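All of these numbers come straight from a predicted model, not from anything done at the bench. Order of the sequence lines fixes the chain letters, A, B, ..., with proteins taken first and strands second; residue numbering starts at 1 for each chain.
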There are 2 protein chains.
Amino acid sequence: MGLRERKKQKTRLALIDAALDLFLEQGYEASTIDQIAANVEVSPRTFFRYFGSKEDVALALLADSQDIFLAELSARPESESPFVAMAQAMRLSLTAMGEGDEADHARFVKTRRLLDHHPQFMAGQRRLMMANEQRLLAEIARRRGTDDLRSHFVLALFTTVARVGFEYCRPDEVRDADAMAARLDEILAIAEASLRPDWDK
Amino acid sequence: MGLRERKKQKTRLALIDAALDLFLEQGYEASTIDQIAANVEVSPRTFFRYFGSKEDVALALLADSQDIFLAELSARPESESPFVAMAQAMRLSLTAMGEGDEADHARFVKTRRLLDHHPQFMAGQRRLMMANEQRLLAEIARRRGTDDLRSHFVLALFTTVARVGFEYCRPDEVRDADAMAARLDEILAIAEASLRPDWDK
DNA sequence: CAATTTATGTCAGTGAGTGACAGATGACAA
DNA sequence: TTGTCATCTGTCACTCACTGACATAAATTG
């Protein structure tokens, strides 16, 4: 990897860090692109060459985790039903986020803190999910053997379960990857208890 | 109802109609607030006194239907389980939208056409849902007798099922209230077949 | 070192959204 | 009818997110 590429990665992470810090300190609305760019000593125009919008920089890590999730999903064995495969892939992608160096972990926790305190990002999270919806739907249909309304139901139920697992927490709860994995298991148990066997076949 | 109140209702509907027509004719992004306001012969500043944002005017009817849904829900008998009560309320609020005069119906169809062709509104629809989430959650917890993670699961599953029922359709399908009610019944049947009895008790 | 590609800064511009103030217009009582 | 009051509206000035165009600087490649 050349020097140019390394510089870009560094600038991207610096922009994310500066943005998360500003958002958490003085609020999302009160923070401007000019401030973020100034803190990284970069022109505001450059910010928009890295992120398509102000919201995108707040959701940058979430977008990354989506890619990891999709990679894990396609590596799941064929024997698993669609729902089980997605649940396992989500568990693995969560632990993958928990690894990495100190800075990575700090960014992850800051992102969770930001999303917890600003419900306005819910819509953005949903937008991210939707971007991968077609690929997920194709994977579900492939595993089920048919593409019908039930495939949509399976997908919707999974994204819903994942979302509830991430959102429902006491305010004072630590939101690191381990805590989220535990919460995910909790809601998956409820879903399993509510659904008939082979409902997603 | 006084003259002032009637004028406001008229202006509000005129703004919605002008906005929907412009959005459908030349696209959402290409339409400006100035154009909408000019077509109603009102200042752009006045537009923002009726709607908080450009997106709000596109979702205005959806926001109205949410209110109807909540009213129907609180009128449901105590004997119904949370999920059944919400499903019935949704059916009734859909038929309520189907009634009304010619202009009301036209607005409803235009809104559906707009949302079908512009996936960027999905996030906004989700934002609307969330605005009522607390009230729905309270109603579910009240009917179940406890407020725990399962209440969140019931709520999330219902909103998800409703969303899939509204979204999943062939592109050429007519999107009037009757067609949407039929689609809702279809997805509710799948949900019922997938879930164990008394899962939401 | 020279040629080419690519990232960045500067500049000018559009459009959404907001606060403040003044004037217009219904609502209401005498 | 008239005058007072509350409320709605238009105008103006402003902030900020976001974009296209062009010139410059820096990295890559030979």
Side-chain angles (χ1 to χ4, degrees), chain A residues 1-23 25-60 63 114 118-121 123-124 127-128 131, chain B residues 1-60 63 114 118 120-121 123-124 127-128 131:
Chain A
M1 191 172 58
L3 169 60
R4 181 171 272 163
E5 201 63 25
R6 266 178 291 149
K7 265 194 176 177
K8 277 179 66 175
Q9 296 285 356
K10 215 174 114 186
T11 304
R12 182 183 136 89
L13 288 179
L15 283 171
I16 295 176
D17 284 335
L20 290 178
D21 287 339
L22 276 174
F23 294 164
E25 278 169 28
Q26 59 185 28
Y28 176 72
E29 301 291 345
S31 308
T32 67
I33 305 291
D34 286 10
Q35 285 179 318
I36 301 172
N39 284 13
V40 188
E41 283 173 325
V42 147
S43 82
R45 189 67 183 86
T46 294
F47 174 91
F48 285 107
R49 293 200 174 94
Y50 281 86
F51 304 99
S53 71
K54 185 179 174 183
E55 193 185 51
D56 275 3
V57 70
L59 301 175
L114 183 65
H118 294 258
Q120 63 211 35
F121 289 119
R127 183 172 51 80
L128 272 186
Chain B
M1 192 171 57
L3 170 59
R4 180 170 270 164
E5 200 63 26
R6 267 177 290 150
K7 266 194 174 177
K8 278 179 64 177
Q9 297 284 357
K10 215 174 114 185
T11 304
R12 180 183 138 91
L13 289 179
L15 283 171
I16 294 176
D17 285 334
L20 290 178
D21 287 339
L22 276 174
F23 294 164
L24 285 172
E25 280 168 26
Q26 58 185 29
Y28 176 71
E29 300 292 345
S31 308
T32 68
I33 305 291
D34 286 11
Q35 286 180 318
I36 300 172
N39 283 13
V40 188
E41 284 172 326
V42 147
S43 82
R45 188 68 182 84
T46 294
F47 173 90
F48 286 106
R49 292 201 175 94
Y50 281 86
F51 303 99
S53 71
K54 186 179 173 183
E55 194 185 50
D56 276 3
V57 70
L59 301 175
L114 184 65
H118 294 258
Q120 62 210 31
F121 289 118
R127 184 172 50 80
L128 273 185

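- Note on A/Lys7: every side-chain N or O is 4.0 Å or more away from OP1 and OP2 of C/dA7.
- Rounded to whole angstrom, the span from the CD1 atom of A/Ile33 across to the P atom of D/dC18 amounts to 6 Å.
- Protein atom CZ of B/Phe51 is 15 Å distant from nucleotide atom P of D/dC8, rounded to whole Å.
- Each of A/Thr11 and B/Phe47 has a nearest nucleotide on DNA chain C; the 5'-most of these lies closest to A/Thr11.
- For B/Tyr50, no side-chain nitrogen or oxygen approaches OP1 or OP2 of D/dC8 to under 4.0 Å.
- Atoms CZ (A/Arg6) and P (D/dA26) sit 17 Å apart, rounded to a whole Å.
- A/Val57 and A/Leu15 make their closest contact through CG2-O, 4.1 Å (heavy atoms, listed as atom of the first residue, atom of the second, distance).
- Across the protein-nucleic acid pair, A/Lys54 atom NZ and D/dC18 atom C1' stand 12 Å apart, rounded to whole Å.
- Closest of all the heavy-atom pairs between B/Pro44 and B/Ile33 is O-CG2, 4.4 Å.
- Scanning all heavy atoms of the two residues, the minimum distance from A/Met1 to A/Arg6 falls at CE-CG, 3.5 Å.
- What separates NZ of A/Lys10 from C1' of C/dA7 is a distance of 15 Å, to the nearest Å.
- Of the residues near DNA chain D, A/Leu3 and B/Glu5, the one whose nearest nucleotide (by heavy atom distance) lies more toward the 5' end is B/Glu5.
- Comparing D/dA27, D/dT7, C/dT8 by their closest approach to the side chain of A/Arg4 singles out D/dA27.
- The main-chain N or O of A/Glu55 is found under 3.5 Å from a side-chain atom of A/Tyr28 such that the two form a donor-acceptor pair.
- One can place CD of A/Glu29 at 9 Å from P of D/dA17, the figure rounded to the nearest angstrom.
- Here B/Lys8 reaches the OP1 or OP2 of D/dC8: one of its side-chain N or O atoms lies under 4.0 Å away.
- In this structure, CD of A/Gln35 is placed 14 Å from P of D/dT15, rounded to the nearest angstrom.
- No donor-acceptor pair under 3.5 Å is formed between the side chain of B/Glu5 and the backbone N or O of B/Gly2.
- Taking the nucleotide of DNA chain C with the nearest heavy atom to each of A/Arg49 and B/Pro44, the more 5' of the two is matched to A/Arg49.
- With rounding to whole Å, A/Arg45 atom CZ is found 16 Å from C/dG13 atom P.
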